[in-house]
Participant: 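Just passing along the structure, written as structure tokens.
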Amino acid sequence: MHVSLASVALLLVPAVDGFTTTTTPTSSSSDVVTRAQFTSAFVALYRIANAWMIRTQFDPDEYWQTLEPAYCLAFGSVTKETSDASSLDYGNTKVDGQHLYGCALTWEWTRRWTPSSQSSASSPSTPQKQTTIHDTIHSLIEQAMHGPVRSYVSILPTYWYYLGCRYLFRWVEVFDAPTNNVGYYLSHFHAYLKHFVDRHASYIISKGPAFVNAVLVAAPTDLSVWLIASHLSTLDHSHIQLPKHKLLWPFWALFCSLASWFHGYALSRTYANSFETVCLLVGVALLCPELFGDPSVRQTFHRPQKKLAFVLGGLSACVRFTTLAAWIPLGLIISFRSGCLCNKEGNTQRVNYKSMIDTLSGICAMYGAAGVVIGCIIDRYFYGFWAIPLLGNFHFNVVLGNGSLYGTHPAFWYIYAGLPAICGAMLPFFILEVMVLCRVSVLQLRMFFSRQPTSTNNSTTPAAVNIRQKHRDYTNPNTSGRMILLWIIVPYTLLHSLSAHKEFRFLLPILPLICILVGHAIFQLTNDTDADVDGNNTSKEPDSTKSVPIHLVVVGMILLNVPHLIYLSVIHQRGPIALNQLLASVINEVSRDKTDGLYSVHYLMGCHSAPVYSHLHIPNISVSAWHLDCSPECRSDSEAVCECDAFSADPLSFIKTVYVGRRDINVCIGDDLSSCSGGLGTTETPTFVALMQDDASKIDNQLSSVLGMSHIASIRHTVKYLSWHDRQPCTHSPRCHDVVSLFSLVDIHFDHIEVYQLFPISN
């Protein structure tokens with residue numbers, strides 16, 4: 001595991017010349033390899049432990065945009081031959097000729113373009129217009145704009161993992177242990193392994209992708225943070241002889257990335273945003289010589305790392321087109337630096353516009369487009385037709401503005417709420433670094449417009465010396481490198497602010513860049529105080545008596561990040577995960593003596609509030625899941641009432657309408673939009689029903705007396721409210737288990753998910 005990460009680090013080493021920061025001017029290649037291997041192994045193990053600790057749900061997209069579609073491809077009924085919207089089968093399908101498993105996809109994957117009624121209703125006698133290339137291109141663009149919103153590129157690691165699991169489960173079923181004496185111990189080991197895999201199949205399928213994501217996404221992101229900071233630190237601090245006990249910028253950047261509560265909470269999850277993050281950070285690490293290199297040294301035009309970086313950018317754009325807000329500034333910066341010929345002091349001697357255009361078109365645009373083409377080919381393979389989710393996502397969220405159907409925030413929400421929240425304890429250091437860089441920018445502009453002489457003036461007057469010193473400080477490669485990172489963060493944040501629909505996780509790709517800047521601020525505070533306005537060290541011997549104690553920063557960052565990371569990862573919104581674990585355990589226990597079974601689960605909760613088949617995988621058992629509909633077709637229709645809204649408004653009437661009787665109500669059921677205008681008939685009572693505590697209290701009698709279901713479990717979901725400790729013993733309420741006393745001072749009241757089971761269980 002760590003060997004693969006070390007190979008990634010060594011791939012980036014040519015891009016980050018001298019990435020290790022030691023007290024000696026140079027380090028041997030063996031030291032570089034050893035340090036890369038050690039750091040890779042440590043980061044990978046840390047992220048695996050981080051993924052294991054997460055027992056809660058952050059947002060439904062981590063399942064419905066990755067796990068569920070990947071499960072459909074590996075185990076379910078949707079294949080490239082049957083991926084047309086009209087032929088999607090949400091029932092059960094046979095896999096490998098032995099298993100029956102379900103499949104569920106949201107509207108983001110099933111969205112399709114339907115030709116206009118006029119063209120379909122044209123008379124056969126009407127002469128057909130000859131199709132031109134323009135018409136064909138227009139039709140393809142229309143199909144892409146009204147087609148799927150999600151790309152299969154980001155789910156490939158999970159899909160490959162599921163394929164391996166499928167072959168593992170097949171091996172478990174067909175395996176025949178050897179009976180000879182030589183294979184006695186081997187047969188017992190194989191029998192134990194078979195039993196272990198069979199009993200923990202649900203955990204392997206549901207939790208395994210998080211571990212894969214920890215190694216392939218989260219760990220490379222942390223490693224890239226370390227490499228970028230290492231490269232930047234060598235630009236200015238190679239001449240500074242720091243004591244051995246002093247911790248350098250790369251350490252602090254990596255420490256901030258690992259200690260960040262939002263990285264720990266979101267980066268290891270199977271989000272498309274996590275894939276976007278690793279593509280951006282690895283891309284920046286590969287582009288370090290072009291972004292932060294010596295302006296007097298002309299970089300190699302055909303460097304393969306540069307091309308690979310923009311291919312990653314194209315793949316990232318296929319997943320989320322908003323990532324262009326980071327990659328376009330990257331391309332413009334690299335193109336500008338490639339055309340500016342500077343001397344060693346950073347003065348621009350002349351501008352080569354041809355070199356700028358060649359870099360912009362021949363490297364940035366061409367290899368970025370190559371990444372998009374690769375992504376389209378991948379989607380063509382899985383969808384079965386040419387689809388460009390990038391355009392579909394743009395059409396749905398920007399042209400139609402349907403992203404606002406899932407919540408809106410004010411324009412500057414990212415500025416006063418989003419960034420402060422994800423930064424957490426790093427916020428003061430980030431503000432300090434931004435203030436320093438802003439002041440440097442203002443002073444640079446003043447010097448530029450005043451046109452004061454710099455290196456050409458050899459005068460020894462105090463004014464001339466001051467001008468030359470300022471010019472050296474403000475054109476320092478370290479400062480310009482940090483400014484470049486800020487110029488990636490700022491447009492990314494501002495462009496995302498234009499969208500009405502905002503979420504914390506949309507800022508995840510720029511948080512590692514913030515960690516690099518924060519690492520520099522902490523490095524300056526803990527190592528010296530003789531720093532200029534731009535944060536550059538002006539003394540070769542740091543004054544340790546005036547620096548901030550290192551242990552104070554480390555302890556403070558841990559205490560301000562770890563407690564609420566544990567709360568969010570273990571307690572807050574843990575209900576959906578624990579619910580499916582309970583259902584899988586109950587079904588496995590009940591069906592132990594049966595060769596096969598058929599069970600149904602209805603999630604009468606919020607919009608896609610729980611994962612389904614990816615968390616209910618049980619060998620030889622078929623589970624049918626159903627959840628309340630909240631598709632944009634239903635939400636955007638003012639005359640329709642979506643299932644989730646209908647159930648929330650009147651749970652009792654909804655239960656009577658769906659499971660018992662018939663009632664004229666304007667409700668959208670499932671994917672049948674025609675049902676939005678009519679009543680509904682009876683529906684077979686499911687094996688299990690899951691719903692929130694407040695809704696369960698309203699229909700408990702209906703579920704038990706009419707549907708014949710029994711309450712089997714109450715699962716803690718999240719903290720509902722706090723109150724002072726009630727010293728009277730809780731005997732007057734049947735919900736006493738909702739309360740947990742903390743040090744006999746505060747009572748914590750929990751919200752629960754209630755689970756009902758149909759008795760007797762029918763096959």
Side-chain angles (χ1 to χ4, degrees), residues 59-61 64-65 69 83-86 88 105-120 137-154 271-273 276 316-325 328 372 375-376 379 383 385-411 413-414 492 494-503 505-507 606-608 628-645 666-668 670-677:
D59 187 273
D61 284 350
W64 294 95
Q65 291 182 3
S83 60
D84 187 28
S86 61
L88 284 174
L105 294 175
T106 61
W107 62 270
E108 297 170 304
W109 303 90
T110 62
R111 186 174 183 255
R112 300 291 185 269
W113 175 62
T114 56
S116 62
S117 58
Q118 293 181 354
S119 61
S120 60
I137 295 176
H138 181 269
S139 177
L140 290 176
I141 294 177
E142 283 290 327
Q143 180 177 338
M145 295 282 281
H146 296 81
V149 175
R150 295 300 167 193
S151 173
Y152 281 98
V153 172
S154 61
Y271 280 125
N273 308 92
E276 178 187 357
S316 178
C318 289
V319 177
R320 288 182 55 85
F321 77 93
T322 52
T323 191
L324 294 175
I328 290 178
V372 174
C376 291
D379 289 322
Y383 276 116
F385 58 89
W386 286 107
I388 309 178
L390 183 152
L391 294 180
N393 199 332
F394 177 82
H395 180 264
F396 180 85
N397 289 284
V398 178
V399 178
L400 299 180
N402 284 341
S404 59
L405 296 174
Y406 295 90
T408 60
H409 288 91
W413 183 81
Y414 281 138
Y492 189 93
L494 294 180
L495 289 177
H496 275 71
S497 298
L498 298 178
S499 174
H501 178 61
K502 300 177 178 66
E503 296 185 35
R505 60 189 174 93
F506 292 167
L507 296 180
C607 181
H608 300 107
L628 300 175
D629 177 55
C630 59
S631 60
E633 291 87 352
C634 188
R635 289 191 172 196
S636 60
D637 188 353
S638 59
E639 298 181 357
V641 180
C642 292
E643 289 175 348
C644 55
D645 297 329
N666 195 20
V667 179
C668 301
D671 299 300
D672 184 11
L673 299 181
S674 63
S675 64
C676 291
S677 60

Participant: So how far is it from Ser154 OG to Asn273 CG, rounded to the nearest 0.5 Å?
Facilitator: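 The distance works out to 9.5 Å.
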Participant: Given Tyr152 and Trp109, is the side-chain contact (heavy atoms from CB on, under 4.5 Å) satisfied, shown in steps?
Facilitator: CA-CA 9 Å; Tyr152 281 98; Trp109 303 90; 3.8 Å; yes
Participant: Please check this pair: side chain of Arg111 against backbone of Gly147, looking for a donor-acceptor N/O pair closer than 3.5 Å.
Facilitator: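 Such a contact is found between Arg111 side chain and Gly147 backbone.
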Participant: Report the C-alpha distance between Ile388 and Met145 in whole Å, list the side-chain angles of each, state the deciding distance to 0.1 Å, and finish with yes or no for side-chain contact (heavy atoms from CB on, under 4.5 Å).
Facilitator: CA-CA 8 Å; Ile388 309 178; Met145 295 282 281; over 6 Å; no
Participant: Name all residues meeting the side-chain hydrogen bond (donor to acceptor under 3.5 Å, both in side chains) criterion together with His501; count only those two or more places apart in sequence or in a different chain, and write none if there are none.
Facilitator: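 By the side-chain hydrogen bond (donor to acceptor under 3.5 Å, both in side chains) rule, His501 matches Glu503.
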Participant: Measure the acute angle between the ring planes of His395 and His146, then classify it against the limits of 30° and 60° as parallel, tilted or perpendicular.
Facilitator: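 The arrangement is tilted - the two ring planes meet at 30° to 60°.
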Participant: Verify, without hydrogens or angle tests, whether Asp645 (side chain) and Val641 (backbone) share a donor-acceptor contact under 3.5 angstrom.
Facilitator: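 Not confirmed, Asp645 side chain does not pair with Val641 backbone.
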Participant: Got a second to check how far His409's NE2 is from Ser404's OG, nearest 0.5 Å?
Facilitator: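 Going from the NE2 atom of His409 to the OG atom of Ser404 covers 12.5 Å.
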Participant: From Leu495 CG over to Thr323 OG1, what is the distance, rounded to the nearest 0.5 angstrom?
Facilitator: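 Reported to 0.5 Å precision, the distance equals 11.5 Å.
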Participant: Are Phe396 and Pro632 side-chain neighbours, meaning at least one heavy-atom pair lies under 4.5 Å?
Facilitator: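 Yes. Closest side-chain heavy atoms under 4.5 Å.
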Participant: Check step by step if side-chain contact (heavy atoms from CB on, under 4.5 Å) holds for Phe321 and Leu391.
Facilitator: CA-CA 8 Å; Phe321 77 93; Leu391 294 180; over 6 Å; no
Participant: Find out whether Pro69 and Leu105 are in side-chain contact, i.e. whether some heavy atom of one side chain is under 4.5 Å from a heavy atom of the other.
Facilitator: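 Pro69 vs Leu105: side chains touch.
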Participant: Looking only at the SG atoms, are Cys634 and Cys642 under 2.5 Å from each other?
Facilitator: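 Answer is yes: Cys642 pairs with Cys634 in a disulfide.
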Participant: Could you pull out the closest heavy-atom pair between Val149 and Gly392, with the gap in Å?
Facilitator: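 Shortest heavy-atom contact: CG2-O, 4.0 Å.
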Participant: Roughly how far, to the nearest 0.5 Å, is CG of Leu140 from CH2 of Trp113?
Facilitator: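 CG of Leu140 is found 9.0 Å from CH2 of Trp113.
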Participant: Kindly give the heavy-atom pair with the smallest separation between Leu390 and Ala317, and that separation in Å.
Facilitator: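 Scanning both residues completely, I find the closest heavy atoms to be CD1-O, 3.2 Å.
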Participant: Looking at Thr106, Asp629, Asp59, which hits side-chain contact (heavy atoms from CB on, under 4.5 Å) with His608?
Facilitator: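 Of the listed residues Thr106, Asp629, Asp59, the side-chain contact (heavy atoms from CB on, under 4.5 Å) partner of His608 is Thr106.
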Participant: Shorter than 2.5 angstrom, is that how the SG atoms of Cys318 and Cys376 come out?
Facilitator: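 No, Cys318 does not link to Cys376 through a disulfide.
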Participant: Would you call Pro148 and Phe385 a side-chain contact if the rule is heavy atoms closer than 4.5 Å?
Facilitator: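 Yes, their side chains come closer than 4.5 Å.
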Participant: So, for Asn393 and Val319, which heavy atoms are closest and what is the spacing to 0.1 Å?
Facilitator: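 So the two residues come closest at ND2-O, 4.2 Å.
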Participant: Not counting sequence neighbours, which residues clear side-chain hydrogen bond (donor to acceptor under 3.5 Å, both in side chains) with Arg320? List them please.
Facilitator: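 Expected list: Glu276, Thr322.
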